[in-house]
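Every heavy atom of this structure was used, including side-chain atoms; hydrogens, water molecules and symmetry mates were not. No experiment lies behind these values; they were computed from the predicted model shown. Note on naming: letters A, B, ... go to the chains in the order of the sequence lines (proteins, then strands), and numbering restarts at 1 for each one.
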Amino acid sequence: MEMIRAEKINKSFGKLKVLNDVSFEVQQGEVISVIGPSGSGKSTLLRCLIGLEEINGGEIFVEGISTEKEGKKAFRKMGMVFQGFNLFPHKTVLENLTEAPLIVKKEDRKTAVQKARTLLKKVGLGDKEDSYPSQLSGGQKQRVAIARAMSMEPDIMLFDEPTSSLDPELVGEVLSVIRDLAEDKITMMVVTHEMGFARDVSDRVFFMDHGKIISDTVPEKIFVNPESERIQAFLTKILNENRGSHQ
Amino acid sequence: MDYILNVSSYILEGSIVTFKLYIITAVFSVLLGVLGALGKISKFKFLQTILGIYTWIFRGTPLLLQLFFAYYGLPVIGITLQPFPAAVLTFIINYAAYFTEIFRAGIESIDKGQYEAAQVLGLNYRQTMTRIIIPQTIKRVLPPTSNEAINLVKDSALVAAIGLGDLLRAAKVAVTRDFSIVPFIIAAVFYLLISSVIVTVFRKLEQKYSVYE
């Protein structure tokens, strides 16, 4: 089943063209990593899919539903995890998870709490339900954010650089939660700089540059045998940076 | 001692006006301030301009002048108000201007990511404001609101200038009548007591909201 279809989407901020005729499709259960240099439009692409940015041209279909015609219905199929967590600081971990199910889906409290607890266990934070976000580490915050997005039972999860603001030693725990989701066959698009994750977990890798997807292929092809010099240069640079930061 | 009690009860009578003015002003100016702030952050340019002119005028001119305007000025154009309504009206409009700016700044200090998180979870604008943004704003605006609450206690004494029998005026009458300085001291003690209660209430509120962060 086709989960996302983007047809020639365009997005500009003023004179700056951030997305330039971007087209792709994502099948059910696929994990897509979106990589590329900063400013290439990766985050904007995700933000357009879920309606945080309005597109200036083209069309997006989520499970066949046009985001232009039935935005609310289409966007509801997706959940999103941000680089900066964006947890609600005035609510406890449990309340962060139950908020949307209670007031958007109008679930009864018992069901919502039960589901929230199951999700918290799943991300390894069963003992933190009464904590406030400020009492958690970055890795724990991001795991709560993932559980919160899952609380609305989306068919598709969008991750916008989920580990970029984490200390290096906390990246692993978040990636392992995302890996678990991948094994559950949830459709995912992950904007990431973690090349190991992109190589091991994704079914396909989008390489973006200057507002275009210049390569859409299986990870082996991009990492083992990159076609273009542009990708090669990017990978060399990223790998050197990573090596540098681990010394 | 008897004299002190007598004067105190006399001044206490006067302070009824002060209390009434305080409560009515506090309730309505805060409500109007919230509406003003929501108007100022709305996308309606016209509304923003109107509210901008409003806060500019009422924060930029003396409260005493506004009070004189309402009580002595408006009758010139045929609108005559009794002293108490004139005072209440002026105080509400004046304080709402300050609260509009305080709450606007508070709302705008909330990270954009909070709106985005609420949006992708499916919350609409009203739900986002009432459940996510405003609760966080309350915590941030408590200290400046506490300042205004104390200012209001002291500003209330200005109504003596349009002949309202408030706390200060009662004290002044007693001073003139008895040729004693004691009523002023008692009045000062009253003001301090009221301010202290307000400070304590706000401290408790701030503690309550310090559960997170």
Side-chain angles (χ1 to χ4, degrees), chain A residues 43 46-47 49-54 71-93 95-107 130-136 141 144-154 156-160 165, chain B residues 30-31 33-34 37-38 41-45 99 102-146 201-213:
Chain A
S43 292
L46 289 201
R47 295 170 59 81
L49 290 179
I50 201 161
L52 288 175
E53 306 285 355
E54 246 173 81
K72 222 171 150 189
K73 201 171 158 199
F75 299 141
R76 200 66 72 74
K77 305 272 182 199
M78 296 177 279
M80 182 159 180
V81 172
F82 301 89
Q83 180 179 349
F85 324 126
N86 296 344
L87 294 176
F88 304 135
H90 59 305
K91 294 185 178 291
T92 63
V93 165
E95 287 165 348
N96 264 277
L97 266 69
T98 55
E99 181 71 12
L102 285 177
I103 72 165
V104 179
K105 275 196 178 170
K106 317 273 183 218
E107 277 178 15
D130 292 325
S131 302
Y132 283 92
S134 59
Q135 298 164 319
L136 304 177
K141 280 183 199 167
V144 172
I146 294 170
R148 180 178 68 177
M150 294 299 297
S151 75
M152 288 300 277
E153 299 169 321
I156 303 155
M157 284 282 282
L158 308 177
F159 294 86
D160 187 7
S165 56
Chain B
V30 166
L31 285 177
V34 172
L38 289 175
I41 60 156
S42 75
K43 42 185 186 282
F44 304 112
K45 280 274 177 295
F99 285 131
I102 289 173
F103 297 159
R104 177 199 55 77
I107 291 173
E108 284 180 345
S109 76
I110 305 295
D111 184 48
K112 288 277 166 286
Q114 293 290 306
Y115 292 89
E116 296 186 347
Q119 188 185 330
V120 300
L121 285 167
L123 277 70
N124 61 30
Y125 180 76
R126 189 182 52 77
Q127 292 165 334
T128 304
M129 292 314 284
T130 56
R131 306 199 48 107
I132 307 300
I133 306 301
I134 290 176
Q136 292 182 60
T137 305
I138 291 174
K139 181 193 164 97
R140 297 199 187 173
V141 300
L142 274 177
T145 303
S146 164
V201 168
F202 272 93
R203 194 174 298 143
K204 286 268 184 292
L205 279 173
E206 280 178 42
Q207 272 166 12
K208 191 183 147 221
Y209 277 95
S210 68
V211 184
Y212 68 91
E213 280 175 338

Chemist: Taking CD in B/E108 as the centre, count heavy atoms belonging to other residues, nucleotides or ligands within less than 6.0 Å. Is the count above 12?
Modeler: yes

Chemist: Name the region of B/E116, side chain, backbone, both or neither, that has any atom closer than 4.5 Å to a heavy atom of chain A.
Modeler: both

Chemist: Considering non-hydrogen atoms only, spot the tightest contact between B/A117 and A/R148 and give its length.
Modeler: CB-NH2, 3.4 Å

Chemist: Quick one: ring-ring contact (aromatic ring centres under 6.0 Å, His included) partners of A/F159, sequence neighbours excluded?
Modeler: none

Chemist: State whether the number of non-hydrogen atoms from other residues, nucleotides or ligands found under 6.0 Å of B/F44 atom CZ is greater than 12.
Modeler: no

Chemist: Which atom names give the shortest non-hydrogen contact between B/R131 and A/I103, and what distance separates them?
Modeler: CD-CD1, 3.2 Å

Chemist: Does the side chain of A/E99 reach to within under 4.5 Å of the side chain of B/L121, using non-hydrogen atoms?
Modeler: no

Chemist: Please classify the contact between A/R47 and chain B as side chain, backbone, both or neither, with a heavy-atom cut-off of under 4.5 Å.
Modeler: side chain

Chemist: Could you please state which residues from residues 132-141 of chain B sit under 4.5 angstrom from chain A, measuring non-hydrogen atom to non-hydrogen atom, sorted by number, or 'none'?
Modeler: B/I132, B/P135, B/Q136

Chemist: For A/K105, enumerate each residue passing the side chain to side chain contact (heavy atoms under 4.5 Å, CB included) test, keeping only those at least two apart in sequence or located in another chain.
Modeler: A/E107, A/M152, A/E153

Chemist: Please list every donor-acceptor pair under 3.5 Å in which a side-chain atom of residues 73-89 of chain A meets a protein atom from a residue at least two apart or in another chain.
Modeler:
unit_1, atom_1, unit_2, atom_2, d
A/N86, ND2, B/G113, O, 3.2

Chemist: Distance check, rounded to the nearest 0.5 Å: B/K112 atom NZ versus A/L52 atom CG?
Modeler: 13.0 Å

